[in-house]
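Since the structure comes first, as structure tokens, the remarks are kept for the end.
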Amino acid sequence: MTQYLHMPWSIAVFAALLPVFLAVPLVIYMRRTSDQRLTQKIMKRYSLAVEKDVVLADGIDGYLFVDYLILLRGKIIVIKIDPNHGYIFGGEKIDEWTCVENNKTGKFKNPLQEVGFFAQQVKYVSGFNAVDACVLFGSKALFPKGVPAGVLQMASFAEELATLSGSDDDPHETAQQAWEKLIAIMHEDKRQLNAVLAS
């Protein structure tokens, strides 16, 4: 603090507190993005390839969107990130799920339906059937009545990816070829969408 002794009082206080003012937004940002950073770290470790912010034409006159597409050994996984947290109640065949947080109850559309439709389109355009559809919930989401099939949780995400992936003995060439075909199609679909949005 000796460097502040000859400064005006208000300037000295500001200079002393400046590191705190700078640190608080950083801490808030790190906490808000911790799940996102962990997700990407786990995907990078356990997958053979990752595509983010994926766009795919729906075959009619629109586009489908999903957060991640990852290539595992012998398999492609479609992953949607769901932002809801708190207590989550839902099931594979339930159209509306319930979220309870801070004594407030909300409803949201079954996320498995959207990601499942995307996975079906992936199978169709790639000609490859070993495609799984999953929804990943963050670390603040809890499922007190049980976790629906197709839902992944941040706390066990690494283990679940390891389980989904095949062994080193599984044939992988077909999956790799389907991935390369799919990525080319998606990049073209994204280019077309960007052209439409820019026009």
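Values below: all heavy atoms of this structure, side chains included; hydrogens, waters and symmetry mates excluded. Throughout, numbering of the chain's residues begins at 1 and tracks the sequence. If you're wondering where the values come from, they're calculated on a predicted model, not measured in any experiment.
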Check side chain to side chain donor-acceptor pair (under 3.5 Å) between [X] and all other residues, then give those that pass, not counting sequence neighbours.
X: E92; value: none
X: Y68; value: Q40
X: Q121; value: none
X: D61; value: none

What pairs of donor and acceptor atoms, side-chain ones from residues 122-135 against any protein atom, are under 3.5 angstrom apart with sequence neighbours left out?
{"from": "S126", "atom 1": "OG", "to": "V122", "atom 2": "O", "distance (Å)": "2.6"}
{"from": "S126", "atom 1": "OG", "to": "F128", "atom 2": "N", "distance (Å)": "3.2"}
{"from": "D132", "atom 1": "OD2", "to": "K75", "atom 2": "NZ", "distance (Å)": "3.4"}

>> Quick one, I185 with L56, criterion side-chain contact (heavy atoms from CB on, under 4.5 Å). Give me CA distance, side-chain angles, the key distance, then yes/no.
In response: CA-CA 8 Å; I185 292 172; L56 189 61; 4.0 Å; yes
> Of all residues at least two apart in sequence or in a different chain, which pass the side-chain contact (heavy atoms from CB on, under 4.5 Å) check with I94?
Replying inline: W97
>> Can you see whether E51 engages H187 through a side-chain donor-acceptor pair at a distance of less than 3.5 angstrom?
In response: yes
Closest heavy-atom pair and its distance - [X], [Y]:
X: I88; Y: P144; result: O-CD, 3.7 Å
X: A158; Y: I42; result: CA-CG2, 3.7 Å
X: P148; Y: G90; result: CG-O, 3.4 Å
X: L69; Y: W179; result: O-CH2, 3.2 Å
X: Q113; Y: D95; result: NE2-OD1, 2.9 Å
X: L112; Y: V115; result: O-CG1, 3.4 Å

Scan for salt bridge (Lys or Arg N to Asp or Glu O under 4.0 Å) pairs involving [range], sequence neighbours excluded, and state none if there are none.
range: residues 76-90; value: K80-E114
range: residues 188-197; value: E188-R191
range: residues 98-113; value: none

> Is a donor on one side and an acceptor on the other found under 3.5 Å between the side chain of H172 and the backbone of R73?
Replying inline: no
> Run the side-chain contact (heavy atoms from CB on, under 4.5 Å) check on L152 and F137 step by step: do they pass?
Replying inline: CA-CA 6 Å; L152 305 177; F137 282 82; over 6 Å; no
> For Y87, what residues pass the ring pair (Phe, Tyr, Trp, His ring centres under 6.0 Å) criterion, not counting sequence neighbours?
Replying inline: none
>> F157: which residues meet the ring pair (Phe, Tyr, Trp, His ring centres under 6.0 Å) condition with it, sequence neighbours left out?
In response: none
>> Test: side-chain hydrogen bond (donor to acceptor under 3.5 Å, both in side chains). Region: residues 144-156. Which pairs qualify, not counting sequence neighbours?
In response: S156-E160
> Hey, which of V54, I70, V66, D67 is the one that makes side-chain contact (heavy atoms from CB on, under 4.5 Å) with V78?
Replying inline: V66
> Do F118 and I79 come within less than 4.5 Å of each other through their side chains, counting heavy atoms only?
Replying inline: no
> Are K41 and R37 side-chain neighbours, meaning at least one heavy-atom pair lies under 4.5 Å?
Replying inline: no
>> Please determine whether side-chain contact (heavy atoms from CB on, under 4.5 Å) holds for the pair M154 and L38, giving the CA-CA distance in whole Å, both sets of side-chain angles, and the decisive distance to 0.1 Å.
In response: CA-CA 8 Å; M154 186 59 64; L38 181 58; 3.8 Å; yes
> What's the verdict on side-chain contact (heavy atoms from CB on, under 4.5 Å) for D53 and V55, showing C-alpha distance, side-chain angles and the deciding distance?
Replying inline: CA-CA 7 Å; D53 298 327; V55 176; over 6 Å; no
